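Bear in mind that the values here come from a model prediction, so they are computed numbers and not experimental data.
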Amino acid sequence: QLHVVESGGGLVQPGGSLRLSCAAVGFTLDYYFVSWFRQAPGKERERISCISKTDESTHYVDSVKGRFTISRDNAAHLVYLQMNSLKPEDTAVYYCAADYNNCPTRPFGSWGPGTQVTVSS
């Protein structure tokens, strides 16, 4: 029953903001690398961000760099993706995944349902 759960998606207007959360079930994210992924309609799933166990390293794909920020709150045992200046092309289902050793490229098991982000007027 070890898996992660995403939340925080919704409908926002262009230029708006959302904060997504990644929570763990059956373990704590404090000790894990966490990646965020998204899959837009008609496109392949892509990894857009990652944070290391210790917050020493964060990574972003160019399309979100400067607009999105990945962070963790170990007191809350959560990893966040703060999304600012949202664009219609950010519309996608967003997923997270955790790995003990490296930024994950896939989930431990199967992909969960993710959380839908829709950017539209």
Side-chain angles (χ1 to χ4, degrees):
Q1 301 299 322
L2 303 180
H3 60 95
V4 292
V5 179
E6 307 90 348
S7 63
L11 174 64
V12 297
Q13 295 184 344
S17 298
L18 284 174
R19 188 176 73 171
L20 307 183
S21 297
C22 181
V25 177
F27 67 103
T28 177
L29 286 181
D30 298 7
Y31 314 118
Y32 287 78
F33 292 74
V34 174
S35 293
W36 283 98
F37 305 78
R38 68 183 182 186
Q39 187 167 26
K43 296 185 178 181
E44 295 183 347
R45 197 189 318 267
E46 63 172 342
R47 187 172 66 180
I48 60 172
S49 188
C50 180
I51 188 167
S52 68
K53 292 181 178 182
T54 63
D55 293 352
E56 294 294 326
S57 298
T58 58
H59 304 277
Y60 304 92
V61 70
D62 285 345
S63 60
V64 308
K65 193 174 299 180
R67 299 188 298 120
F68 291 9
T69 303
I70 189 170
S71 64
R72 67 167 76 241
D73 182 350
N74 285 344
H77 309 299
L78 295 173
V79 171
Y80 302 114
L81 185 67
Q82 178 68 46
M83 305 185 297
N84 299 325
S85 302
L86 284 163
K87 305 174 181 179
E89 50 263 48
D90 295 318
T91 295
V93 179
Y94 285 71
Y95 307 84
C96 63
D99 186 89
Y100 192 79
N101 297 301
N102 300 104
C103 288
T105 59
R106 57 188 292 275
F108 175 78
S110 60
W111 294 104
T115 186
Q116 176 72 51
V117 173
T118 302
V119 185
S120 176
S121 298

Can you check side-chain contact (heavy atoms from CB on, under 4.5 Å) on V4 and V25, steps first, answer last? CA-CA 6 Å; V4 292; V25 177; over 6 Å; no
Might you work through the side-chain contact (heavy atoms from CB on, under 4.5 Å) test for V117 and L18, ending with a clear yes or no? CA-CA 9 Å; V117 173; L18 284 174; 3.9 Å; yes
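At least one donor-acceptor pair closer than 3.5 Å links the side chain of S52 to the backbone N or O of S57.
Atom-to-atom distance recorded for R47:CZ and C103:SG is 5.5 Å, nearest 0.5 angstrom. In this structure, CD1 on I48 lies 12.5 Å from CG on D62, to the nearest 0.5 angstrom. The CZ atom of R106 sits 11.5 Å away from atom CZ of R45, with the distance rounded to the nearest 0.5 Å. With values rounded to the nearest 0.5 angstrom, L81 atom CG is found 6.0 Å from W36 atom CH2. The distance from atom OG1 of T91 to atom CD of Q116, rounded to the nearest 0.5 Å, is 7.0 Å. The structure places OG1 of T58 at 11.0 Å from CZ of R72, a figure rounded to the nearest 0.5 Å.
Applying the side-chain contact (heavy atoms from CB on, under 4.5 Å) rule to D99 yields the partners N101, N102, P104; only residues at least two apart in sequence or on another chain are considered. For A23, the side-chain contact (heavy atoms from CB on, under 4.5 Å) partners at least two apart in sequence or on another chain are L78. Residues forming a side chain to side chain donor-acceptor pair (under 3.5 Å) with S7 (at least two apart in sequence, or on another chain): none.
Hydrophobic clustering places Y31 together with F27 (ILVMFWY residues linked when any side-chain heavy atoms are closer than 4.5 Å, directly or through intermediates). At a threshold of 4.5 Å between side-chain heavy atoms, the hydrophobic network of Ile, Leu, Val, Met, Phe, Trp and Tyr places I70 and L29 in one connected group.
The list of side chain to side chain donor-acceptor pair (under 3.5 Å) pairs with a residue in residues 78-88, not counting sequence neighbours, reads S17-N84, Q82-N84. Note on residues 94-121: pairs passing ring-ring contact (aromatic ring centres under 6.0 Å, His included), not counting sequence neighbours, are Y32-Y100, F37-W111, Y95-W111. Sorted by first and then second residue, the disulfide (SG to SG under 2.5 Å) pairs involving residues 64-98 (not counting sequence neighbours) are C22-C96.
Scanning all heavy atoms of the two residues, the minimum distance from Y60 to T69 falls at OH-CA, 3.4 Å. The shortest heavy-atom contact between A98 and V34 is CB-CG2, 4.3 Å. Between G9 and T115 the shortest heavy-atom distance is N-OG1, 3.0 Å.
In this structure, the side chains of L20 and F68 stay at 4.5 Å or more apart for every pair of heavy atoms. For the pair H77 and D30, the minimum side-chain heavy-atom distance is below 4.5 Å. A heavy-atom distance below 4.5 Å is not found between the side chains of S120 and P88. Between F33 and I51 the shortest side-chain heavy-atom distance does not fall below 4.5 Å.
With respect to the salt-bridge test (charged N to carboxylate O, under 4.0 angstrom), the residues R38 and D90 qualify.
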